[in-house]
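Below is one structure, written out as structure tokens, with a few remarks after it.
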There are 2 protein chains.
Amino acid sequence: MKKVTLNDIAKKVGVSKTLVSLVVNGKARGYGISGQTCDKVMAAVRAYGYNPNQTARSLRTGMSNTLGLIVSDISNNFYASLARQLEDLAWELGYNMIIGSTDESVGKELKLLEIFRNRQVDGIILSSSQQNPTELENLVKSGFPLVLIDRYFPTVPIPSAVVNNKVGGELLAQHLLNQGFRNPVVLSLTPSYISSVAERVEGFVSVFENAAIHTEVHNIPFLCLVDMVEDFFTTRLHDKNMPDAVFAVNNNLATATLRACHVHNIVIPKDIALVCFDELPYFDFSKPSITSIRQPVAELCSVAFSLLQGQITNNGETKPGHVEMMPVELLVRESSTQISDNNGWRSP
Amino acid sequence: MKKVTLNDIAKKVGVSKTLVSLVVNGKARGYGISGQTCDKVMAAVRAYGYNPNQTARSLRTGMSNTLGLIVSDISNNFYASLARQLEDLAWELGYNMIIGSTDESVGKELKLLEIFRNRQVDGIILSSSQQNPTELENLVKSGFPLVLIDRYFPTVPIPSAVVNNKVGGELLAQHLLNQGFRNPVVLSLTPSYISSVAERVEGFVSVFENAAIHTEVHNIPFLCLVDMVEDFFTTRLHDKNMPDAVFAVNNNLATATLRACHVHNIVIPKDIALVCFDELPYFDFSKPSITSIRQPVAELCSVAFSLLQGQITNNGETKPGHVEMMPVELLVRESSTQISDNNGWRSP
DNA sequence: ATTGGCGGCTAAATCGTTTTAGATATTTAC
DNA sequence: GTAAATATCTAAAACGATTTAGCCGCCAAT
């Protein structure tokens with residue numbers, strides 16, 4: 001019942017704790033401990049089922065073999081995928097992951113950072129909701145291993161792994177333009193200063209602007225997203241002021257838009273086109289299938305992870321505020337295709 | 001830079017560590033510490049930004065304010081939702097969550113349990129992939145706070161929060177029967193002994209059995225799910241041996257089935273009906289919308305959490321192996337409706 | 001015979017808390 | 001005026017590991 005400690009093993013074998021510790025940590029060779037003693041210790045370790053108490057180890061070494069992951073909502077498919085892939089990378093190197101969701105609250109984000117640090121996590125991967133990240137900057141300056149993922153700060157030197165959101169927005173806009181859409185609306189998120197969101201919108205709007213088309217941008221608060229999107233369409237239908245295309249800046253907004261269209265009997269893409277950022281598993285077989293920007297999630301994770309590793313092991317290779325920006329991929333599907341009048345649309 | 005410790009504060013104020021500790025932990029009153037001293041200490045705590053080192057605290061108290069969550073795959077929408085809701089419940093009470101995905105590997109599950117215990121987690125919520133959970137039983141017997149969620153062991157007394165999977169399977173089968181389907185196939189998961197899966201299948205099969213109809217059950221290995229489902233339909237199409245209805249036992253299988261049908265130009269529900277266990281956000285607005293069983297995720301989490309709390313605080317109220325089984329809800333939608341020949345099906 | 005080096009091991013300090021068992025001074029009781 | 005009670009506060013021992021500094025015996029070299 002009671003866990004067996006280093007001391008227990010030392011007593012059983014009749015050696016010092018030091019010896020046992022060295023053997024268990026594989027440092028026997030380096031400290032000239034005889035193979036015989038080594039074997040005796042390992043035998044006892046196995047026999048009594050000894051496992052080092054990580055807490056004690058952390059206290060002593062200041063390392064915990066734990067990484068923190070902070071995102072806005074771990075139940076969002078995108079962040080859940082990040083979590084899983086990061087977990088696997090971490091596992092490979094003997095780390096575990098402790099997670100926290102902020103619901104875009106800066107206060108909670110700061111609290112989580114503080115708590116994770118007090119837990120001696122060896123590093124934190126963060127998708128920040130902040131606007132002026134002075135605390136983050138200080139944290140990095142102080143040498144704490146921190147990597148931003150998905151969202152970064154263009155003017156603040158913090159190692160980051162992000163995708164090229166601006167180009168993503170541009171690709172979607174250009175595609176809509178090519179398809180002949182001229183009256184687009186962007187459904188975006190509050191807070192709107194978040195880099196990923198802002199850049200997607202910026203890229204999208206700029207392309208239409210170049211074509212002398214003004215784009216309306218609606219910022220939807222994070223927490224009442226589904227209702228607000230439905231309200232948006234209710235209003236627009238009532239005002240007979242419907243856009244001919246919608247750009248949903250993330251997967252939640254895309255899903256909410258599809259739901260709203262269903263409720264209002266708006267047919268995609270006949271009545272309105274839909275494009276969005278992020279992939280969801282059903283986008284490629286839904287009817288209609290959904291035009292979207294695919295993010296290289298696996299690469300995002302492995303880059304973020306190696307940036308973090310670089311800081312933890314302090315190999316000095318990485319520049320202080322390196323931002324790795326990865327390309328995205330436009331997947332053209334049915335939801336943004338101008339079609340004649342084919343209600344029972346089927347893919348070829 | 002360097003974190004400020006209890007000792008630092010004690011020295012600054014000119015009192016003992018004990019005093020500071022008591023004040024910080026709000027035990028000043030109980031130990032008769034004067035209000036004046038109390039204020040001085042708190043002032044210093046704030047001034048120097050002191051935060052207790054959780055690691056040291058854990059080592060001393062044996063509690064870590066951390067809970068472990070172990071599931072098969074945190075990126076699965078169902079488990080991601082569980083994680084988020086549990087995280088929120090935990091946060092309320094000052095806990096953080098450390099997570100682990102097993103990919104249904106019993107070995108990894110056991111390793112994670114061991115690791116989490118070495119990290120002094122105060123309790124673990126587990127969706128187990130085991131068949132003979134002797135270790136789990138011993139863990140619970142030893143007094144370690146462990147709660148099973150989603151999957152349980154009918155013959156082993158471990159506190160559990162699950163839904164009534166059997167009834168869920170029955171409801172789906174009865175519905176299909178009523179709709180006139182007579183040739184169903186179950187797409188299930190390997191390992192098939194997992195209680196949730198087994199009971200869903202059992203309920204489903206038994207209803208058809210009562211109607212003298214044999215149900216074929218296909219167990220798909222967890223890791224190559226998408227391809228295997230597609231292969232299943234390829235084979236059946238080739239053999240001209242198509243079922244008239246498919247029961248997908250979880251959300252992954254439902255999605256894989258939809259994808260396979262799309263690839264093979266199989267039209268749901270005209271060519272084949274689809275019902276499944278689990279809700280996904282798009283099930284109620286997809287075309288067709290998908291008949292499914294909704295699990296009471298929020299209740300599942302709050303029950304699991306309070307079972308765990310009960311064990312942690314050891315209030316002795318809970319019976320040793322209490323299994324809480326919650327009802328599920330059948331949501332009949334378009335994917336299982338016998339319709340005439342309406343390709344361009346639309347909801348009313 | 002002293003010195004130095006080395007192989008094999010250990011005692012004790014340390015990490016930052018919590019908690020136990022008092023210490024000290026001041027009141028109160030009688 | 002002494003003993004007991006009370007009000008504040010503290011020293012020191014944990015918790016279970018890691019790590020520093022160094023002990024002890026033996027051999028080789030000078």
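Keep in mind that the numbers below use all heavy atoms, side chains included, and drop hydrogens, waters and symmetry copies. Each chain gets a letter, A, B and so on, in the order the sequences are listed, and its residues count up from 1.
Remark: S21(A) is in phosphate contact with dT18(D), judged by side-chain N or O atoms under 4.0 Å from OP1 or OP2. Distances shown here put every side-chain N or O of T5(A) at or beyond 4.0 Å from the OP1 or OP2 atom of dG16(D). Neither OP1 nor OP2 of dA17(D) sits under 4.0 Å from any side-chain N or O of N7(A). Between K17(A) and dA12(C), a side-chain N or O to OP1/OP2 separation shorter than 4.0 Å is absent. One finds a side-chain N or O of S34(B) lying less than 4.0 angstrom from the OP1 or OP2 phosphate oxygen of dC9(D). Between N53(A) and dC15(D), a side-chain N or O to OP1/OP2 separation shorter than 4.0 Å is absent. For T37(A) and dC9(C), the shortest distance from a side-chain N or O to OP1 or OP2 is below 4.0 Å. Side-chain nitrogen and oxygen atoms of K3(A) include none within less than 4.0 Å of the OP1 or OP2 phosphate oxygen of dG16(D). Considering only side-chain N and O atoms, R60(A) lies nowhere under 4.0 angstrom from the phosphate OP1 or OP2 of dT14(C). At dT6(D), none of the side-chain N or O atoms of Y31(B) fall inside 4.0 Å of OP1 or OP2 (strictly under the cut-off).
Whole-Å rounding puts the Y50(A) OH to dG16(D) C1' distance at 8 Å. L22(B) places its CG atom 15 Å from the P atom of dA21(C), with the value rounded to the nearest Å. One atom, CZ of R29(B), and another, P of dA7(D), lie 13 Å apart when rounded to the nearest Å. One can place CD1 of I33(A) at 13 Å from C1' of dT19(D), the figure rounded to the nearest angstrom. Separating the CG atom of L6(A) from the P atom of dC15(D) is a distance of 13 Å, rounded to the nearest angstrom. The interatomic distance linking Q36(B) (CD) with dC9(D) (C1') rounds to 14 Å, in whole Å. For the pair Q120(B) CD and dC15(C) P, the interatomic distance rounds to 20 Å; values are reported in whole Å. Per the geometry, CG belonging to L19(B) stands 17 Å off C1' belonging to dG16(C), to the nearest Å.
Distance alone, capped at 3.5 Å, places no donor-acceptor pair between the S306(A) side chain and the Q309(A) backbone.
Under a cutoff of 6.0 Å and an axis angle of 45°, K108(A) and W91(B) form a cation-pi pair.
Applying the 6.0 Å contact sphere to OH of Y193(A) captures more than 12 heavy atoms from other residues, nucleotides or ligands.
Listed nucleotides dT10(C), dC15(C), dA11(D) differ in distance to L59(A); the shortest reach to its side chain belongs to dC15(C).
Looking at R119(B) and S58(A), their side chains never bring a donor and an acceptor atom within 3.5 Å of each other. No side-chain N or O of Q54(B) forms a donor-acceptor pair with one of Q120(A) less than 3.5 Å apart.
Nearer the 5' end of DNA chain D, as judged by each residue's closest nucleotide, is the contact made by T18(B), out of T18(B) and T61(B).
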